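Some notes on the structure that comes next.
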There are 2 protein chains.
Amino acid sequence: MQTKECPDDICEQLCEHPQTICLAKKESISDNEAQQVAEIFKLLGDTTRVKILQVLSKRELCVCDIAAVIEMGQSAVSHQLRLLRNARLVRYRREGKMAWYSLDDEHVRSLLSQGIDHIKHR
Amino acid sequence: MQTKECPDDICEQLCEHPQTICLAKKESISDNEAQQVAEIFKLLGDTTRVKILQVLSKRELCVCDIAAVIEMGQSAVSHQLRLLRNARLVRYRREGKMAWYSLDDEHVRSLLSQGIDHIKHR
DNA sequence: CTAACATATGAACATATATTCATATGTTGT
DNA sequence: ACAACATATGAATATATGTTCATATGTTAG
């Protein structure tokens, strides 16, 4: 991302420390990467979706059962499932008129359980 | 949360599967827990904050250096740092007129690096 | 004390997001 | 074909969130 070497820290620049800044920039992730990372965490950053993912991490469930378990309306659940589906965090299969959802990302399972651990031990 | 045993799955209830729902409820986290988990991930779910946390994971930086590195205004950075400070994800120390920030949560360091790994390998 | 500076913060604004309601889609059983 | 049902989705609404601008706070140097 940064091609030039870091110049000496001559510090004409107010408080900024050019050399430190230059080093830090070299080690920083790109806008695009940061955005993608944020995207994943954003999906985990909603109470309803946390509940959905957590119950799906235990067993496959159909939409109306998810709604019953987390006590939310079918429509709200369905909207959230769409987001999770689009991001491929959940998998679904159709069986007759029912749609069965389950967790489809071991990485997310791990992040989720770490998040839960985190709040349980502090 | 659920004190009663799960009744047999007599299924008078439309599509819902009472026994499955009952079991799933027993294994589900509380509203409060889900909210706290979401709270953490919400903090990781913004591009600017991901960038801030990522650069702070490498080294301690003062506010205006953070702003320079991630190329954002001082005010925006300061506002975000407040959120991170309140959640104790970052630590800060004052040195004269400067404020030095660093990452203060190994759990978050781990979540962050997993998030970055995740998007890099897919 | 004053000026310059680093940081913090309140208010305003624009944008994003979650939920609800109404309705569409698609399946099953009669 | 029709009715009942499970799910999906568009539109509307309310709320939350991020950034900017202006300004406040607090520190240092002169």
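Both backbone and side-chain heavy atoms feed into the values below; hydrogens, waters and symmetry mates do not. If you're wondering where the values come from, they're calculated on a predicted model, not measured in any experiment. Residue numbers begin at 1 in each chain, while the letters A, B, ... track the order of the sequences.
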Whichever of A:G96 and A:D46 has its nearest DNA chain C nucleotide further upstream toward 5': A:D46

Any donor-acceptor N or O pair under 3.5 Å, side chains B:S102, B:R91: yes

Touch class at under 4.0 angstrom, heavy-atom based, for A:Q74 against every strand present: base

Given DNA chain C, 5'-ward residue of the pair A:M72 and B:A76, judged by closest heavy atom: B:A76

Distance, rounded to the nearest Å, where A:K51 contributes NZ and C:dA18 contributes C1': 13 Å

Residue-phosphate contact under 4.0 Å: A:S75 side-chain N/O, D:dA8 OP1/OP2: no

Side chains of A:R93 and A:Y101, donor plus acceptor under 3.5 Å: no

Rounded interatomic separation in angstrom, taking NE2 from A:H17 and P from C:dC5: 14 Å

Whole-Å gap separating C1' (D:dC5) and CG (A:D65): 14 Å

Minimum-distance nucleotide (side-chain atoms of B:R85 versus C:dT9, D:dG10, D:dG18): C:dT9

Below 4.0 Å: OP1/OP2 of D:dT9 and any side-chain N or O of A:S78: no

Whole angstrom value for the distance that separates P of D:dT19 from CG of B:L83: 10 Å

Distance test, side-chain N/O of A:Y101 to OP1/OP2 of D:dA8, below 4.0 Å: yes

Interatomic distance where CD1 belongs to A:I66 and P belongs to D:dA8 [whole Å]: 9 Å

Distance in angstrom units between B:H79 NE2 and C:dA14 P, rounded: 17 Å

A:R49 side-chain N/O to C:dT17 phosphate OP1/OP2 under 4.0 Å: no

Euclidean distance, atom NZ of residue A:K97 to atom P of C:dT27 [Å, nearest integer]: 12 Å

Exam field: side chain A:H121 to backbone A:D117, donor-acceptor pair closer than 3.5 Å: yes

Any B:Q80 side-chain nitrogen or oxygen under 4.0 Å from OP1 or OP2 of D:dT19: yes

Touch class at under 4.0 angstrom, heavy-atom based, for A:A99 against every strand present: sugar-phosphate

Spacing between A:Y92 atom OH and D:dT9 atom P, to the nearest angstrom: 8 Å

Phosphate OP1/OP2 of D:dA6: any A:R94 side-chain N/O under 4.0 Å: no

N/O (side chain, B:K42) to phosphate O (OP1/OP2, D:dT17) under 4.0 Å: yes

Backbone of B:T20 reached by a side-chain donor or acceptor of A:D65 within 3.5 Å: no

Short N-O contact, B:K51 and B:E71, less than 4.0 angstrom: no

